[in-house]
Amino acid sequence: MYEIKDLTGVAFHKIAECMRAAFSDYYVKMELSDDALYHRFHSENVRYDLSCGAFVGDELVAVLLNAVGQYNNEQVAFDAATGVVPAHRRKGLYSKMMDFCMVLLKQHDFAYYGLEVIQTNAPAVATYQKMGLKIMKEYACFRGNAKETATGTEDFQELAINDFPLESLSPLMHDAPSFENRTEILQAFPEDYRIMFTGMPKQCAAFIIYQKENGHVKQWGRREGHVSELGQLMVNLSGRFQDVRLHNINFTDQEWILTLEELGFDHFCDQYEMKLDC
């Protein structure tokens with residue numbers, strides 16, 4: 001009944017329709033237009049020849065999209081998005097798609113295959129563990145806006161990221177950015193992002209890099225003792241956008257997680273980062 005094939009040559013609107021249908025009953029929905037989804041997957045370097053879908057005739061009912069890129073000095077493949085349309089779940093499609101993709105991926109020199117999964121999705125976590133994936137990190141994810149009583153700062157600067165020395169930011173980061181927030185994306189699409197910071201460019205005290213179209217934060221950091229300044233920058237951003245997003249704060253950075261909670265942002269889910277050596 002089902003045929004698993006790579007997505008080379010498949011019209012993108014079919015992929016987008018399938019993805020929206022697959023996430024229609026999820027807690028975190030994928031309510032994006034075709035153009036927005038295309039740009040997102042293009043910026044993450046999704047390879048459709050290394051991705052696959054489940055077809056019933058010409059109908060696409062499940063997809064597994066794989067992105068590739070340089071991450072922490074290794075060439076890796078990463079699950080950018082996976083979804084199965086509700087009527088076609090519990091038929092083993094994810095396992096079949098994963099098996100199909102692993103054959104494709106092993107033809108390349110990837111260090112490992114990674115993915116993120118919401119921690120409360122126990123069936124998915126169990127499935128991934130049965131396939132050999134191991135939990136490497138735990139992430140907190142936030143969205144929404146700061147409470148009305150939260151205060152920002154007027155003592156900040158803002159630049160296009162092309163005008164800022166990004167290499168100076170590593171000492172301010174508690175943890176390396178997650179795959180979806182990696183610097184490679186910023187460098188490939190610099191016109192999409194801006195940096196807001198306190199202090200001077202080469203010696204800033206706190207910063208956030210955000211997507212200027214929607215206020216989604218891709219990277220952030222602060223020097224020791226400056227978490228309040230980082231929080232003030234988030235309040236500034238919250239004043240500009242209706243729904244700010246900040247995904248994948250390492251659980252080890254509890255100071256920053258607690259600060260965001262105190263500012264009123266919605267700690268809406270937690271994720272595992274999992275990996276499988278290729």
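Computed from a predicted model, the values in this text were never measured in an experiment. Position 1 is the first residue of the sequence, and the numbers go up from there.
Expressed to the nearest 0.5 Å, how far CZ of F41 lies from CE of M19 amounts to 4.5 Å.
The shortest side-chain heavy-atom distance between F265 and L246 does not fall under the 4.5 Å cut-off. Taking the side chain as every heavy atom from C-beta outward, M131 and M102 never approach each other to under 4.5 Å. Considering only heavy atoms from C-beta on, N236 comes within 4.5 Å of M196 through its side chain. Counting only heavy atoms from C-beta outward, the side chains of E59 and V85 never approach each other to under 4.5 Å. In this structure the side chain of L263 reaches within 4.5 angstrom of the side chain of V235, judged on heavy atoms. Within the 4.5 Å cutoff, the side chain of K91 has no heavy atoms near those of the K96 side chain. Within the 4.5 Å cutoff, no side-chain heavy atoms of N66 are placed close to those of F110.
Evaluation of the ring pair (Phe, Tyr, Trp, His ring centres under 6.0 Å) rule for Y71 yields F179 as partners, not counting sequence neighbours. Not counting sequence neighbours, F100 has no partner by the ring pair (Phe, Tyr, Trp, His ring centres under 6.0 Å) test. Among residues two or more places apart in sequence or in another chain, the ring pair (Phe, Tyr, Trp, His ring centres under 6.0 Å) test is passed with H88 by Y2.
Counting heavy-atom neighbours within 6.0 Å of Q242 CD, excluding the residue itself, gives a total of 12 or less. Within 6.0 Å of the CD atom in E224, the count of heavy atoms belonging to other residues, nucleotides or ligands does not exceed 12. Other residues, nucleotides and ligands place no more than 12 heavy atoms under 6.0 Å from the CD atom of E213. Within 6.0 Å of CG on N72 lie more than 12 heavy atoms contributed by other residues, nucleotides or ligands.
Salt bridge present: D25 and R89 bring a charged side-chain N and a carboxylate O closer than 4.0 Å. At a threshold of 4.0 Å, the pair R40-D192 does not count as salt-bridged, since none of the basic side-chain nitrogens sits closer than that to a carboxylate oxygen. Salt bridge present: R240 and E158 bring a charged side-chain N and a carboxylate O closer than 4.0 Å.
Between the side chains of E273 and Y139, at least one donor-acceptor pair of N or O atoms lies under 3.5 Å. Looking only at atom types and distance, the side chain of H174 has a donor-acceptor partner in the side chain of T252 under 3.5 Å away. Looking only at atom types and distance, the side chain of D155 has no donor-acceptor partner in the side chain of T153 under 3.5 Å away.
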Report the C-alpha distance between M234 and V244 in whole Å, list the side-chain angles of each, state the deciding distance to 0.1 Å, and finish with yes or no for side chain to side chain contact (heavy atoms under 4.5 Å, CB included). CA-CA 9 Å; M234 284 295 294; V244 171; 3.8 Å; yes
Test side chain to side chain contact (heavy atoms under 4.5 Å, CB included) on Q219 and F207; report intermediate values, then the result. CA-CA 8 Å; Q219 293 186 9; F207 78 92; 4.1 Å; yes
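In this structure, the side chain of D34 does not engage the main chain of F12 through any donor-acceptor pair within 3.5 Å.
Between Y38 and H42, the ring-plane angle classifies as parallel under the 30° and 60° cut-offs.
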